[in-house]
Student: 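So that we are looking at the same thing, I have put the structure below in structure tokens.
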Amino acid sequence: MMHELLKQNQNIWDLFTRKEEYSPEKLDEHGRFLFAEKSIRNASEPEASRYLMNHGMQVEFPENKKFAVCLTHDVDDIYPPPSHCLLSSVCCLKSLNFRGSAVQLLWKFRGKEYSPYLNLSKIMDLEASYGAKSSFYFIATEADPIRFRYDIEDIEHHLKEISDRGWEVGLHGGYYSYNNPEAIKKEKKRLEDVLGKTVLGFRNHYLRFKTPDSWEILADAGFSYDSTFGHSNSVGFRNGMCHPFRPYNLKEDREIKILEIPLVVMDVSLFATSKSFEEAWERTQNLIDITASLNGVITLLWHNFVFGCSFRKDWVKLYEKVLEYCSGRGAWMTSGEEIYRWWGDGV
Ligand SMILES: [Zn+2]
């Protein structure tokens, strides 16, 4: 029904399907679609979702909540690289926190388990205190353009703890795998072997994504949903949607059997494009308010390292502000998996 409605307005349909991404004029250094300034400016207006709501789409959430916040974490690092250790340590020293500085520099001597980035329980505790849950996406490949990240086999009990508590373990697809069906399947299996259950959710490292091929590859690999589709150098709604949706393949003229829960705010890109904490918060609040007014779902990505280092305190503060603000507004704050199970085949 959603597609039939969208097709009735050509401009909206072109926006929803991201038609212009089928023949990109330019890609960035990571092979991602390069957005024009204009579409980035327009990204804070969910035009397609607004059109659907104005034309009779109805959305419901558990316990009559009015909107949802999908909380997610890409686990890029489990062990801080030397540059992070140094930065964190210097930050601690500046505030005369000598113990903190030592912890950041010397954790390795106490053992891998003491890594400040093995902070997944701490993140869950913070979310639980606001009645929220989230998704953690883990890397399951050795290939990476910057450095070797980690072996998921080494953190098996952490994955199980996440799953046992009712949070989600998903796959953070490798940098080189986003256009490689065999590599994606291999990573999924590796993660499932450690976790002992099926993995439903996906997001690619560096948000590498090709419309519509990436959706086809993920659907074929058996993923239930993806949450890669967003802006890597800004924030907002990539195809004018602030609701999960079934993507459409214009080349094959058919729907793709996967749910997209579009990414709206990523920590790195939010702060890279904001002049101050206040501006970053205002932009986030604005996106939350628009989403709430349309009974939508807003997806946030906060990397786990943010909560373990000492040089991103502002980013943690903003995350806590989001949790407080959204719980005050009565939002359903949960994982991608729960959104997927609730949304099902869509409206
Ligand atoms: Zn990543």
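Both ligands and their constituent atoms are indexed starting at 1 by order of listing.
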Student: Under the side-chain contact (heavy atoms from CB on, under 4.5 Å) test, which residues partner Pro80, sequence neighbours left out?
Tutor: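 Here the qualifying residues are His84, Cys85, Trp107, Ser115, Pro116, Tyr117.
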Student: Hey, is there an N, O or S on His303 sitting under 2.8 Å from the Zn ion (ligand 1)?
Tutor: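 Here the distance criterion (N, O or S atom, under 2.8 Å) is not met by His303, so no.
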Student: Answer yes when Glu153 and Arg190 have at least one side-chain N-carboxylate O distance shorter than 4.0 Å, and no when they do not.
Tutor: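 Answer for the salt bridge query: yes.
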Student: Of all the atoms in Asp76, is at least one N, O or S atom closer to the Zn ion (ligand 1) than 2.8 Å?
Tutor: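 Short answer: yes, at least one N, O or S atom is under the cut-off.
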Student: Starting from the Zn ion (ligand 1), look over the N/O/S atoms of His205 and name the nearest one.
Tutor: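 Closest N, O or S atom of His205 to the Zn ion (ligand 1): ND1.
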Student: Under 4.0 Å between a side-chain nitrogen and a carboxylate oxygen: does that hold for Glu45 and Arg50?
Tutor: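 Salt bridge: yes.
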Student: Under 3.5 Å, sequence neighbours excluded: what are the donor-acceptor pairs made by side chains of residues 316-325?
Tutor:
unit_1 : atom_1 : unit_2 : atom_2 : d
Tyr319 : OH     : Glu127 : OE2    : 2.6
Tyr325 : OH     : Asp289 : OD1    : 2.6
Tyr325 : OH     : Asp289 : OD2    : 3.4

Student: For N/O/S atoms only: which one belongs to His172 and is nearest the Zn ion (ligand 1)?
Tutor: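 His172's closest N, O or S atom to the Zn ion (ligand 1) is named NE2.
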